[in-house]
Amino acid sequence: MGDTTLMTKTVKTVERHFLERKGRNPHATTEFCWLLSGITLACKIIASQIEKAGLLNIMGATGETNVQGEEVQKLDVIANDTLVKCLGYRGNIGLLVSEEDEEPHVIQEAEERGKYIVLFDPLDGSSNINANVNIGTIFSVLERPAKAGDGDLRSHVLQPGTKQVAAGYVLYGSSTILAYTSGFGVHMFTLDRSIGAFVLSQENMRMPETGKTYSVNSGNRSQFPDNIKKYLDWAESEESGGYSSRYIGSLVADFHRTLARGGVSLSRDEESAGRQAAPSL
C-alpha cells in the first residue's frame, strides 16, 4: 500500500510537467495542455497500431506517394488520420500541417479560437516498418500570428524556429518515449501502459559533450561536399581514435540515440540533392 501511495505522488505526466512551467512560459495554461493531450492521445493510439500491425494486415505500401515523393505506407495513413482526428476537435487549434498532405487542414478560421498551429510528421521512418525498426512521430507547435484571417496560410506556418511554443518527438521501440521542449530544457517521458500515460522519466536531459559514433547515409556520400567527405575520412581513420558508424534511417531514432549517447548526426538536404550537408547535433 505504501509503494502505491509513493507511485501516485511521483507520477508526473507531460501535461502536468508543462503546467509547472507557469510563470516562465506564457503558454503554460490548461488550454494549451488540452492541445498537448491531443498529441499524447494520438501517439498512444499510433503506438498500439504499430504493435499490432502484423496481425491487422496494415503493413506495407498503399501504392501512393506523399508530397515529399516518398512511398506512402498503410501505417502512414493511419498515423496521419489519427493525429488529425485527435487534434481536430481541440478548439484552440487553427491549422494542422502534415507531411502527408499537400495543404494545411483549416480547423478554426477565427483567430481568437484557432490560436495554435500544429505541424507534424505522423510517422517518420515508416519505410522501416516491415523490418521492425524504430520509427517515430515529430511535432511542432506555433502560435498563430495576428491577423490570422488574412488567408495567407503559408505566412502563418513558415515562422522562425525561435517562435515555437513547444516541439518534440515520440519514439516507438522497446518502450514508447516522448521527448519535448518548451524552451526550458529537453524532458523525456515513457509510456506506462498500466496507467495509460506518458510519465516523466528524465528531466533536463543533456547530450554528452563527447561521443564516439557518427550517423550518416553513406549511400549519398558521392553527393556530399568535400568538407563533409574529409570529415568522414577522418572519422574512419585511426587518427580519430575509433569512431563507429551508426545509421538507422529513421530521423527520430538516429537523433534520439545521438541525444542520449553523444556523437554526430549528419543529414542531407533532399531539395538541394546533397549540395549542402552539415553535422546537426
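Taking the ring pair (Phe, Tyr, Trp, His ring centres under 6.0 Å) definition, one finds that Phe18 meets it with Phe32, sequence neighbours left out. Listed by chain and residue number, His17, Tyr180 satisfy the ring pair (Phe, Tyr, Trp, His ring centres under 6.0 Å) test with His187 (two or more places apart in sequence, or in another chain). Not counting sequence neighbours, the partners of Tyr169 by the ring pair (Phe, Tyr, Trp, His ring centres under 6.0 Å) test are Phe255, His256. Qualifying side-chain hydrogen bond (donor to acceptor under 3.5 Å, both in side chains) partners for Arg221, counting only residues two or more places apart in sequence or in other chains: Asp233, Glu236. With sequence neighbours left out, Tyr247 forms a ring pair (Phe, Tyr, Trp, His ring centres under 6.0 Å) with no residue at all. With sequence neighbours excluded, no residue forms a salt bridge (charged side-chain N to carboxylate O under 4.0 Å, His left out) with Asp81. Shown here are the side-chain hydrogen bond (donor to acceptor under 3.5 Å, both in side chains) partners of Asn128, two or more places apart in sequence or in another chain: Ser250. Lys44 pairs by the salt bridge (charged side-chain N to carboxylate O under 4.0 Å, His left out) definition with nothing, not counting sequence neighbours. For Arg90, the side-chain hydrogen bond (donor to acceptor under 3.5 Å, both in side chains) partners at least two apart in sequence or on another chain are Ser37. Scanning for side-chain hydrogen bond (donor to acceptor under 3.5 Å, both in side chains) contacts around Thr162 gives an empty result, with sequence neighbours left out. For Asp254, the salt bridge (charged side-chain N to carboxylate O under 4.0 Å, His left out) criterion is met by Arg257, not counting sequence neighbours.
Nearest heavy-atom pair across Ile45 and Cys86 is CD1-SG, 4.0 Å. The nearest pair of heavy atoms linking Pro145 to Ile117 is CD-CD1, 4.4 Å. For the pair Ala253 and Ile248, the tightest heavy-atom approach, listed with the atom from each and the gap, is CB-CD1, 3.6 Å. Residues Ala235 and Ser240 approach most closely at O-OG, 3.0 Å, considering heavy atoms. Contact detail for Ser174 and Asn134: the closest heavy-atom pair is N-ND2, 4.4 Å. Between Asp101 and Asn80, the closest heavy-atom pair is OD2-ND2, 3.2 Å.
Between atom CD of residue Glu103 and atom CZ of residue Arg154 there is a gap of 10.0 Å, rounded to the nearest 0.5 Å. Taking CD1 from Ile135 and CD1 from Ile46, the interatomic distance works out to 9.0 Å, rounded to the nearest 0.5 Å. Rounding to the nearest 0.5 Å gives a distance of 12.0 Å between CG of Leu142 and NE2 of His156. Of the inter-residue distances, the one linking Leu87 atom CG with Leu95 atom CG reads 12.5 Å to the nearest 0.5 angstrom. Atoms OH and CG, from Tyr172 and Leu75 in turn, are 10.5 Å apart once rounded to the nearest 0.5 Å. In this structure, CD in Glu143 is found 11.0 Å from CG in Asn92, a value given to the nearest 0.5 Å.
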Which is it for Leu171 and Thr176 under the side chain to side chain contact (heavy atoms under 4.5 Å, CB included) test, yes or no, and what are the steps along the way?
CA-CA 6 Å; Leu171 177 66; Thr176 298; over 6 Å; no

Tell me, with the steps shown, if Leu200 and Thr13 meet side chain to side chain contact (heavy atoms under 4.5 Å, CB included).
CA-CA 6 Å; Leu200 181 65; Thr13 64; over 6 Å; no

May I have the step-by-step check of side chain to side chain contact (heavy atoms under 4.5 Å, CB included) for Leu191 and Leu178, ending in yes or no?
CA-CA 8 Å; Leu191 178 60; Leu178 182 150; over 6 Å; no

Stepwise side chain to side chain contact (heavy atoms under 4.5 Å, CB included) test for Trp234 and Glu239
CA-CA 7 Å; Trp234 173 84; Glu239 180 187 353; 3.9 Å; yes

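Side-chain contact between Leu232 and Val216 is present, with at least one heavy-atom pair separated by less than 4.5 Å. Looking at heavy atoms from C-beta onward, Thr258 lies in side-chain contact with Met207 at the 4.5 angstrom threshold. Between Ile138 and Val252, some side-chain heavy-atom pair lies under the 4.5 Å cut-off. Side-chain contact check for Pro208 versus Arg261: every heavy-atom pair is 4.5 Å or farther apart. Between Tyr243 and Ser237, the closest side-chain pair of non-hydrogen atoms is not below 4.5 Å. Residues Thr40 and Phe189 fail the side-chain proximity criterion, which asks for heavy atoms closer than 4.5 Å. Put simply, the side chain of Phe139 does not reach to within 4.5 Å of the side chain of Asp121, judged on heavy atoms. With a 4.5 Å cut-off on side-chain heavy atoms, Phe120 and Val84 count as touching.
Not a single donor-acceptor pair under 3.5 Å links the side chain of Thr190 to the backbone N or O of Ile177. For Thr137 (side chain) and Pro122 (main-chain N/O), a donor-acceptor pair under 3.5 Å exists by modelled atom type. Using a distance-only test at 3.5 Å, with no hydrogens or angles considered, no donor-acceptor pair links the side chain of Arg144 to the main chain of Ile93. Between the side chain of Thr82 and the backbone N or O of Ile78, at least one donor-acceptor pair lies under 3.5 Å. In terms of modelled atom types and a separation under 3.5 Å, the side chain of Ser201 and the main chain of Met188 share a donor-acceptor contact. A donor-acceptor contact shorter than 3.5 Å is absent between the side chain of Asp192 and the backbone of Phe198.
Ionic pairing of Glu203 and Lys12 is not present here: no N-O contact between side-chain nitrogen and carboxylate oxygen is shorter than 4.0 angstrom. Salt-bridge check for Glu51 with Arg193: passed, with a basic side-chain N closer than 4.0 Å to an acidic carboxylate O.
The aromatic rings of Tyr89 and Trp34 sit perpendicular, their planes meeting at an angle over 60°, well past the 30° parallel limit.
Criterion: ILVMFWY side-chain heavy atoms under 4.5 Å apart, direct or through other members. Under it, Phe184 and Val186 are not part of a common hydrophobic cluster.
No donor-acceptor contact under 3.5 angstrom links the side chains of Thr181 and Gln164, judged on distance only.
For residues 124-139, no pair satisfies salt bridge (Lys or Arg N to Asp or Glu O under 4.0 Å), with sequence neighbours left out.
No more than 12 heavy atoms of other residues, nucleotides or ligands lie within 6.0 Å of NZ in Lys85, so this atom counts as exposed by the packing criterion.
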